[in-house]
Amino acid sequence: MASEPTFPLPTAASQPEDGHYREDLGPVDTALRLPLTSLLGWSALWLLVGGILAFLTSWKFHAPSVLADCSWFTYGRTYPAASNALLYGWGFNAAFAIAIWLLSRLAGAAPRARRFATVAVWFWNLGVLAAVGGLLAGETTGVEWMELPYFAALILLVCFGIIGSWAVTTLRDRRFREIFISQWYVVAAFFWFAWIFSSSELMLVYFPVRGTVQSIVGAWYTQGLFALWFGSIALAAIYYFLPKLSGRPVRYYSLSVLGFWTYGLFNGWLGVQRLAGAPVPAWVQSVGVAMSMLALVPLVIIGIGLLASVGGAMRSVKDSVVFKFLFFAVIAFVVSSLQLSLGAFRDPSHLTNITLIGQSQLFLTFFGFFSMAAFGAAYYILPRVARRPWSSAAMINIHFIATVLAVVIIYASLLIAGLRQADALQNVNADFANVVKSTSSVLLLRTAGYGLFVIGQLAFLVNVLLTMVRLPSRAGVEPLLAEPPAMEVVS
Amino acid sequence: MNRISFMLLGIFAVLASSWTGLVLSNELTYGNLKPYVVKDDNKAFPEQLPGLAAHGKQVYQDLGCVYCHTQQVGRPGISLDTKRGWGERQSVARDYVREERVLLGSDRVGPDLRNVGARKPQGGKAYDAAWHFAHLYSPETVAPGTNMPAYRFLFETRKITGERSPKALSLPAPHKAAPGYEIVPTERGEALVAYLLSLKDTFNYPEEASKVYVAPASSEKAHGDAAKKEHK
């Protein structure tokens, strides 16, 4: 694979929309203004709300008396409220925005009925509000990562169906015949998650299955949510933006199709790995271990292609803020997938499968991989759909630095605390307070990390809102006409 | 067939495989696992939770106890759970068949609670209702070094009218109620403790005993034999 293939591959770069045979796609961007500004605005708002709740939860871990006397803010309620605000509030809004924008761009046409879709977006956020409020009031399904109460879940299911089918119509109405790998990932993510979400809600909440079959469905949902939904959307964004920024095709593009199929296949099966040692059939646990090894196949195929592309792009676009976020996302993708696969080998998993180590892996997947890719995409997308450059360059820098530091600190503290916790759990004669002591001091760092995280996300929210509401000025005109990477840099 | 339909078919097949292989197959094979009926006693295990404990489970669930406490005892030999005194035997799928929501948990920030109702007294303290009430009201007083939050909202402090309530907590100095007042659990508090005390998987299912886990009797015997050998 020393030389790049010379025949035209369907990559975003070799088929440039800004080039001579694809006319200006500005009208597509502008057409998406209403749904996309709604999505990005809501996502940034939920990110701050979820960040504050996560900070509070982390603080309460080593200072249990903080806000303990009010049942609404007890640890066991702020925890799911934080995770649901972050997953369904920030994560889904951002993922929808990226998915819709990518599908429209790559199809060369924006979907119709945009006002109708925007209504669904607002209802989605009403659903998230009901979920977070309900969780604080004690309405929960009790299923980890799917705690949102049944009434909120119903709203989200309907809205997901509407937004998903609306976005996928772009495939039918597309002007450009080729289908780029990003479109595969986005379309698959919508289809997969519609199935995963509806079937898990039915089997766990509306007509609950019996016994620990619930745990199997829950594990399948968790991996589906993190890898098949968030992971697929993040990969779609990375596959689109890397060649777009660097002007070169994705390395080993022909293999990326194989990466796509194996990624989808093995991640569906991989979730049960989290049930090692749980009271579920032994064969299910063996499947989990086998899949962890097989999951190395898509990791190698996708990971090597992306790392090589990142390496290639490094020289030309390292100053682009979009690229900086994507760079971090690619590294986090490789590290988190590797951690999940290697953690499944029998011995370590029996020591670690019910400690904070599992949480550290999910944290890195969501914040290091998905969220970083989403930030990168948002920095590219928002000025184009709002037709205005970013309001403040300083705030972009604050956001980037604070977020990167926070994610690294929180991940490292969870991982170290988890290792110490696993170690302390081995000492069966010591009091349980020993286990508490092993984690509490390290998790002080996590609280500091979340503090930094909140500062970063406040900068992001302010910047997003200012960019959306500021009247177009003369100064704003020039960056709009600039080449893609230059548009993110504002004065 | 054009490329798009081929692609959609593939996308469908990819997820169908894990849905069929993991979700559907498990639901079909052990999704209708039944409680074990002991004919002589006219009892079925696991037993149905009594009303108050069933309400307590709701409280356990809505307060999010699951984020710190697991409810699963690992297999002896692989996991150290039984040595820690978290249960006499490993948890098996049948233990959970009556539960509307299975709360296995994924993180042991606090101790496993699967058999907390059968926990043996340690160092002179019995894990009875009084201990649980004191632990919920003020965790530090009975479990030094804990980071469990207090659940004061499961209690009320009220003026003693007539006789002191038999349910009133007797707590050490800093948490003691003011003279003339008493601290009593609310209905939710009582339900939660009833639930905690109901948590015990002490029944040995004959089928699982022969197939899944090593029954406590035989493992004790094995331990005893090993000890004897060492002695010789």
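The sequence lines fix the lettering, A, B, ..., with proteins before strands; numbering per chain opens at 1. Model, not experiment: these values are computed from the prediction. Values below: every heavy atom of this structure, side chains too, minus hydrogens, waters and symmetry copies.
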With a 4.5 Å heavy-atom cut-off, do [X] and [Y] have their side chains touching?
X	Y	answer
Tyr30(B)	Val280(A)	yes
Tyr79(A)	Val66(B)	no
Trp261(A)	Ile11(B)	yes
Ser17(B)	Trp269(A)	yes

Passing option when Leu15(B) is tested against Trp195(A), Phe191(A), Phe193(A) for side chain to side chain contact (heavy atoms under 4.5 Å, CB included):
Trp195(A)
Which of the residues [options] is involved in the greatest number of heavy-atom pairs with chain A at under 4.5 angstrom?
options	answer
Arg84(B), Glu100(B), Arg98(B)	Arg84(B)
Ala150(B), Gly10(B), Cys65(B)	Gly10(B)
Gly145(B), Pro139(B), Ser106(B), Gly85(B)	Ser106(B)
Gly74(B), Gly110(B), Ser25(B)	Gly110(B)

[X] portion near chain A, given a 4.5 angstrom heavy-atom threshold:
X	answer
Lys57(B)	neither
Arg114(B)	neither
Leu33(B)	backbone
Glu27(B)	both
Phe12(B)	both
Leu22(B)	both
Leu8(B)	side chain

Part of Trp220(A) within contact of chain B (heavy atom distance under 4.5 Å):
side chain
How long is the gap from [atom1] on [X] to [atom2] on [Y], to the nearest 0.5 Å?
X	Y	atom1	atom2	value
Tyr67(B)	Ser83(A)	OH	OG	6.0 Å
Asp431(A)	Gln122(B)	CG	CD	8.0 Å
Ser71(A)	Asp62(B)	OG	CG	8.0 Å

Please check if any side-chain donor atom of Arg101(B) sits under 3.5 Å from a side-chain acceptor atom of Gln214(A), or the reverse.
yes
Could you tell me how the ring of Trp86(B) sits relative to the ring of Phe432(A): parallel (under 30°), tilted (30 to 60°) or perpendicular (over 60°)?
tilted
Thr140(A)/Gln61(B) under side-chain hydrogen bond (donor to acceptor under 3.5 Å, both in side chains): CA gap, chis, key distance, verdict
CA-CA 7 Å; Thr140(A) 173; Gln61(B) 189 176 318; 5.3 Å; no
